[in-house]
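If you're wondering where the values come from, they're calculated on a predicted model, not measured in any experiment.
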Amino acid sequence: MTNRTRIAFIGNSLPRQCGIATFTSDLSQAMADAAEPIRTSIVAVTDPKQSYAYPEEVIFEIREDEIEDYVTAARVLNEGRFDAISLQHEFGIFGGPDGEFILALLDNLRIPVVTTCHTILAEPTPSQHRVLQKVAAHSSRVVVMAEKGRTLLTEIYGVAPQKIDVIAHGIPDRPFHDPEIAKVERGYAGRPVILTFGLLSPNKGIEVVIDAMPAILKQSPDAVYVVLGATHPTLLRTQGDSYRDGLRQRTERLGVDHAVQFLNRFVDLPTLLDFIAMSDVYVTPYLDEAQMTSGTLAYSFGMGSAVVSTPYWHACDLLADGRGILVPFGDAAATGEAIASLLGDDVARTAMRKHAYDAGRSMIWSHVATLYLDSMAKARAAYRPKLVSDLISLRIKRPPQQTALKLGHLHTMCDDTGIFQHAVFSVPDRSHGYCVDDNARALLLSSLLSAVGETGIADRMTASFASFVEHAFNPDTGRFRNFMSFDRRWLEDEGSEDSHGRTLWALGACTLSDTDAPRRRWASALFARAMTATLDFRSPRAWAFTLLGLNDYCTANPQDAHARMLRVRHAENLMDLERRVSKGERRWFEEGLSYENARLSQALIITGEATKVSAFVETGVATLQWLMTQQTGEAGQFRAVGTEGFFEIGQAPKLFDQQPVEATATVSACLAAYEATSDKTWIEAANKAFDWFTGSNDHGISLVDPETGSCRDGLHADRPNENRGAESVLCYLISCIEIGRANQMLRPVLPRIGVRQLS
């Protein structure tokens with residue numbers, strides 16, 4: 001790491017009252033205090049309806065339930081030129097189901113990430129499994145605080161063991177202490193002190209120790225049990241202090257209220273350390289085994305406390321080999337016996353304290369910070385920018401020399417107006433001029449490249465695509481024109497419904513992902529002006545394209561109620577078509593098939609995922625499954641629906657002309673189906689559709705020129721179409737990005753899902 005290293009932390013931050021906030025702030029400070037100069041900053045997550053006076057180290061605040069804040073945070077971090085990111089992950093601190101909003105940040109981040117997993121579940125729900133697996137896939141390194149965490153990540157979540165580091169929870173560096181001295185300062189002189197600290201909530205098991213107090217007091221009549229810590233803020237907001245009141249009443253019923261003290265406050269670090277220093281026995285009576293991390297246990301253990309704990313995962317790691325005593329969950333008798341035995345045996349208690357203190361020397365924050373810096377150095381060394389040529393790493397039959405993304409032909413097809421529609425062989429055909437369809441596709445490609453950190457398209461070119469789209473909008477009709485001659489004359493006042501929908505799709509992508517902030521605002525404003533026209537549309541593909549654009553637009557503008565209404569309306573339009581047309585096993589939206597068929601299914605799937613309407617997802621997946629039966633050849637190869645004539649019910653699809661737009665639509669839809677279902681067969685189907693470009697097709701001919709990145713316009717019955725127009729090259733490049741990115745995300749779990757690696 002250089003002397004100009006800049007590290008950003010993502011997580012909760014003090015003064016928010018929670019363990020992860022304390023951890024984030026402590027680790028950030030430890031790195032800032034490291035021998036080599038480290039500049040640290042924090043992106044803090046704020047819980048709903050709360051506000052905090054964050055310190056100056058907090059450079060951005062994410063409102064937990066506002067997904068646009070996560071996207072903005074990624075931009076802030078990317079533009080801040082940080083060397084590495086330390087992400088604190090726990091399901092409950094991020095917005096969305098099981099904290100999935102953090103994925104929006106990670107999707108847009110172009111910096112190596114080291115993720116610390118504070119919670120790892122042995123029996124996750126499908127949603128929890130998906131979220132943590134994706135977080136790990138986005139991370140260059142993953143840190144756990146116990147060996148159990150490494151085991152769970154490897155066996156349950158499929159994380160490659162070589163990318164996991166085990167680093168203990170950090171602790172302050174304090175000398176071995178004499179509890180009697182600290183007791184005098186706190187007013188507990190001469191009394192045996194039992195301590196539990198942390199935010200108070202029912203899962204902490206405080207009642208178990210209270211129930212054990214009568215037995216403890218028989219052995220040590222002057223003992224006092226100190227429960228230090230404020231009620232957990234979430235519990236306080238929803239239930240008030242009823243749990244603490246119930247604990248007080250329990251002490252009164254048992255007649256031990258004189259020996260139990262509740263100190264209801266969130267203490268600063270020096271005060272906390274003073275309380276730990278005066279304790280004779282520290283107790284963590286948690287009720288759940290699945291506790292991967294306990295900062296309270298780490299602090300007390302590392303400072304040399306004699307610890308009695310239930311056998312949750314973190315405790316089993318720390319307290320092995322006589323460094324503490326483990327008692328069964330919820331067992332007041334065993335808890336009382338263990339505490340009483342330690343209070344009654346000074347020699348055994350002191351020996352246990354020294355054993356723990358010696359073991360804790362490796363946990364002091366300065367050492368932990370060094371280990372994290374080592375992990376970040378590994379992450380930086382292994383990290384490669386998400387260039388598309390790096391992402392295309394998995395295949396079925398794709399030739400290796402044809403996997404690198406090239407933009408030469410794309411550049412050839414463009415001038416300062418935009419991108420030409422057609423080419424004669426590889427030469428741009430000026431006679432057919434330009435169209436908004438292809439310039440919208442080009443703007444979409446630029447946005448996708450931005451999302452994965454690729455900089456191959458010059459900003460000047462992206463600006464020309466955007467300018468074409470801006471000029472195409474006709475304010476008199478509220479519609480986009482489509483065709484323009486080479487001499488820059490519009491050939492119509494408005495284009496088709498499909499071209500309007502496709503342009504909205506590109507504008508939505510630009511709104512969310514373009515690297516230029518003013519252009520993002522332009523795209524958002526134009527989308528808002530142009531989307532209302534779709535209310536009167538009747539084309540299913542126009543609805544689908546608009547839905548694809550609305551997916552990104554609504555992510556960036558979740559407050560736009562009109563857009564949300566449009567999204568539901570167009571999705572319901574597709575659902576109504578499917579209900580009226582489908583018969584038996586034939587699940588589709590129309591009597592026949594047309595072009596870009598898979599976009600209809602894709603639009604429903606991603607809309608259902610975004611709006612949490614399961615019926616949309618189910619219909620999208622079911623229709624895509626039927627469509628795939630029509631797009632698969634006898635040898636199992638992808639076979640695009642031919643454009644020689646679209647078929648009706650009971651008739652086989654036309655074999656030719658097959659065009660790239662069908663393969664690209666299918667790749668996108670299959671990847672959307674995988675995102676929604678986690679079914680690996682959709683990844684295989686997406687790869688198979690992509691392989692159509694590189695030779696796994698009915699003619700066994702590659703359509704791609706690996707040197708220029710051009711793509712032939714399709715397959716005739718007897719030969720390939722040698723022309724290489726805009727639609728073809730754009731479709732190929734879009735699929736390169738999508739299939740490459742998906743396969744990169746799956747790389748850590750390849751052995752578990754059976755995807756084959758490039759030889």
Side-chain angles (χ1 to χ4, degrees), residues 1-11 24 27-28 30-43 74 77-89 105-117 132-145 147 149-150 153-154 157-168 170 362 365-394 403-405 451-456 740-741 743-751 757-758:
M1 308 286 272
T2 72
N3 58 8
R4 293 176 294 179
T5 300
R6 303 184 67 215
I7 306 296
F9 292 81
I10 303 172
T24 303
L27 181 56
S28 173
M31 286 192 181
D33 294 340
E36 54 179 308
I38 304 289
R39 180 179 174 183
T40 61
S41 302
I42 299 174
V43 171
L77 293 168
N78 288 334
E79 293 168 4
R81 300 185 180 278
F82 289 94
D83 295 288
I85 302 294
S86 174
L87 170 66
Q88 312 310 311
H89 183 266
L105 190 159
L106 294 173
D107 279 342
N108 289 279
L109 200 60
R110 298 193 294 276
I111 307 168
V113 176
V114 175
T115 295
T116 301
C117 292
L132 185 52
Q133 195 174 64
K134 287 189 174 184
V135 168
H138 277 293
S139 305
S140 298
R141 307 290 299 175
V142 181
V143 174
V144 296
M145 300 186 196
E147 281 294 338
R150 188 204 299 270
L153 282 181
T154 301
Y157 298 89
V159 180
Q162 60 268 25
K163 73 184 289 186
I164 303 173
D165 295 316
V166 180
I167 303 176
S362 64
W365 276 118
S366 59
H367 181 63
V368 168
T370 299
L371 295 178
Y372 268 93
L373 290 173
D374 288 344
S375 183
M376 289 176 180
K378 294 177 187 175
R380 294 177 66 196
Y383 180 76
R384 299 176 69 187
K386 298 175 184 177
L387 300 177
V388 173
S389 57
D390 294 332
L391 299 182
I392 307 168
S393 60
L394 307 182
T403 59
L405 181 129
V452 297
E454 171 67 65
T455 57
R741 188 177 188 183
N743 284 332
Q744 186 206 44
M745 296 297 295
L746 286 166
R747 188 176 298 145
V749 292
L750 286 174
Q757 289 181 291
L758 187 67

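Asn108 places no side-chain N or O within donor-acceptor distance of the main-chain N or O of Asn78, the cut-off being under 3.5 Å. With hydrogens and angles disregarded, a donor-acceptor distance shorter than 3.5 Å links the side chain of Thr154 to the backbone of Arg150.
The shortest distance between side-chain heavy atoms of Leu106 and Val135 falls below 4.5 Å. Looking at Tyr372 and Arg141, their side chains never come closer than 4.5 Å, going by heavy atoms from C-beta outward.
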**Request:** Step by step, work out the side chain to side chain contact (heavy atoms under 4.5 Å, CB included) result for Asp107 and Arg741.
**Result:** CA-CA 10 Å; Asp107 279 342; Arg741 188 177 188 183; 3.6 Å; yes
**Asked** Where do Leu105 and Leu87 land on the side chain to side chain contact (heavy atoms under 4.5 Å, CB included) test, with the steps shown first?
**Response** CA-CA 11 Å; Leu105 190 159; Leu87 170 66; over 6 Å; no
**Request:** Kindly indicate, with the supporting measurements, whether the criterion side chain to side chain contact (heavy atoms under 4.5 Å, CB included) is fulfilled by His89 and Leu132.
**Result:** CA-CA 9 Å; His89 183 266; Leu132 185 52; 3.8 Å; yes
**Test log, rule side chain to side chain contact (heavy atoms under 4.5 Å, CB included), inputs Leu371 and Asp165** = CA-CA 9 Å; Leu371 295 178; Asp165 295 316; over 6 Å; no
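The heavy-atom pair separating Phe82 from Leu77 by the smallest distance is CD1-O, 3.5 Å. Nearest heavy-atom pair, Pro112 versus Ala379, reported as atom, atom and distance to 0.1 Å: CB-O, 4.0 Å. Closest non-hydrogen pair, Val143 versus Ser375, comes out as CG2-OG, 4.2 Å. Taking every heavy atom of both residues into account, Tyr383 and Arg110 meet most closely at OH-C, 3.2 Å. What you find for Leu27 and Ser86 is that their closest heavy atoms are CD2-OG, 4.3 Å.
Screening Thr116, Ile167, Val166 for a side chain to side chain contact (heavy atoms under 4.5 Å, CB included) with Val144, the sole residue that qualifies is Val166. Asp83 pairs in a side chain to side chain contact (heavy atoms under 4.5 Å, CB included) with only one of the listed residues (Met376, Arg39, Arg380), which is Arg380.
Atoms CD1 and CD1, from Ile10 and Ile42 in turn, are 11.5 Å apart once rounded to the nearest 0.5 Å. The OG atom of Ser28 lies 10.0 Å from the CH2 atom of Trp365; values are rounded to the nearest 0.5 Å. Expressed to the nearest 0.5 Å, how far CE of Met31 lies from CZ of Arg6 amounts to 14.5 Å.
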